[in-house]
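Down below is the structure, laid out as structure tokens.
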Amino acid sequence: MSDLVRKGVNPVNAITFGVCTTGRPADLKTATYTIVKDAESLSISIDGSIESWNPMDQQGWARNLMTAKSLSISMGGKRNYGDPGNDYVAGLALKMGQDCNSAMKITFPNQDSLYIPCVINVSTLGGDSTALDALEWDVTSDGKPEYGTYEAA
């Protein structure tokens, strides 16, 4: 077992992540991902769309089926001028359309990885006069993510 592979309960800071600073790659798993320095928080949300119907044969009880999924990741941190990952994300603040398309890779403590084709939306820059310069952004999946299970060599 690799020294990097962790078991049991781990802190969030054991999760690593990066963004593809060249936009949306053709192959998510072979792309280069750059860490965004000075990120302080990462929150992954999974939204499921459920279709409901009420057939008569169920005597008033509803039936349900999961028909779609979406991932969203909220990131918070500090603006670090000169860091390639931080500069890339901040540079998307005023862009629109496909210019905001990218990819994100999240590696969990057990070394499994989640590859997400995504849209990046910068939501906050700046802050109070006595605070550090903020960089907050959201990632929304744009298509089906890929999950890679870690295999020791």
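Values reported hereafter were calculated over all heavy atoms of this structure, with side chains retained and with hydrogens, waters and symmetry mates removed. FYI, the numbering just counts along the sequence from 1.
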Nearest 0.5 angstrom please: [X] [atom1] to [Y] [atom2], how far?
| X | Y | atom1 | atom2 | result |
| --- | --- | --- | --- | --- |
| Ser74 | Glu136 | OG | CD | 9.0 Å |
| Met104 | Leu114 | CE | CG | 9.0 Å |
| Leu71 | Lys144 | CG | NZ | 12.0 Å |
| Ile35 | Thr16 | CD1 | OG1 | 6.5 Å |
| Ile120 | Cys100 | CD1 | SG | 8.0 Å |
| Ile46 | Lys69 | CD1 | NZ | 6.0 Å |

Got a donor-acceptor contact below 3.5 angstrom from the [X] side chain to the [Y] backbone?
| X | Y | answer |
| --- | --- | --- |
| Ser141 | Cys118 | no |
| Ser102 | Cys20 | yes |
| Asn86 | Ala39 | no |

Is there a path of hydrophobic side-chain contacts, each under 4.5 Å between heavy atoms, that joins [X] and [Y]?
| X | Y | value |
| --- | --- | --- |
| Leu42 | Val89 | yes |
| Leu28 | Ile106 | no |
| Leu92 | Val139 | yes |
| Val119 | Val19 | no |

I'd like to know whether [atom1] of [X] has more than 12 heavy-atom contacts from other residues, nucleotides or ligands below 6.0 angstrom.
| X | atom1 | result |
| --- | --- | --- |
| Trp53 | CH2 | yes |
| Ile50 | CD1 | yes |
| Lys29 | NZ | yes |
| Ile15 | CD1 | yes |
| Met66 | CE | yes |
| Gln58 | CD | yes |

Give me the atom names and distance for the closest heavy-atom approach of [X] to [Y].
| X | Y | value |
| --- | --- | --- |
| Ala90 | Arg79 | CB-NE, 3.3 Å |
| Gly85 | Thr21 | CA-CG2, 4.4 Å |
| Tyr88 | Asn101 | OH-O, 3.9 Å |
| Trp137 | Val36 | CZ2-CG2, 3.9 Å |
| Pro84 | Thr34 | CB-CG2, 4.3 Å |
| Tyr33 | Pro25 | OH-CG, 4.5 Å |

*Got Leu135 and Leu125 here, is their nearest side-chain heavy-atom distance under 4.5 Å?*
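A side-chain contact exists here, since the closest heavy-atom pair is under 4.5 Å.
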Without hydrogens or angle criteria, can the side chains of [X] and [Y] be said to hold a donor-acceptor pair below 3.5 Å?
| X | Y | result |
| --- | --- | --- |
| Asp47 | Ser70 | no |
| Arg6 | Asn110 | no |
| Asp38 | Asn80 | yes |
| Thr140 | Ser72 | no |
| Asp112 | Tyr147 | yes |
| Tyr81 | Asp133 | yes |

*Are Arg24 and Asp142 close enough for a salt bridge, meaning some N to O gap below 4.0 Å?*
yes
*Can we say Lys37 and Asp87 salt-bridge, meaning some charged N sits less than 4.0 Å from an Asp/Glu carboxylate O?*
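Salt bridge between Lys37 and Asp87, a charged N being under 4.0 Å from a carboxylate O: no.
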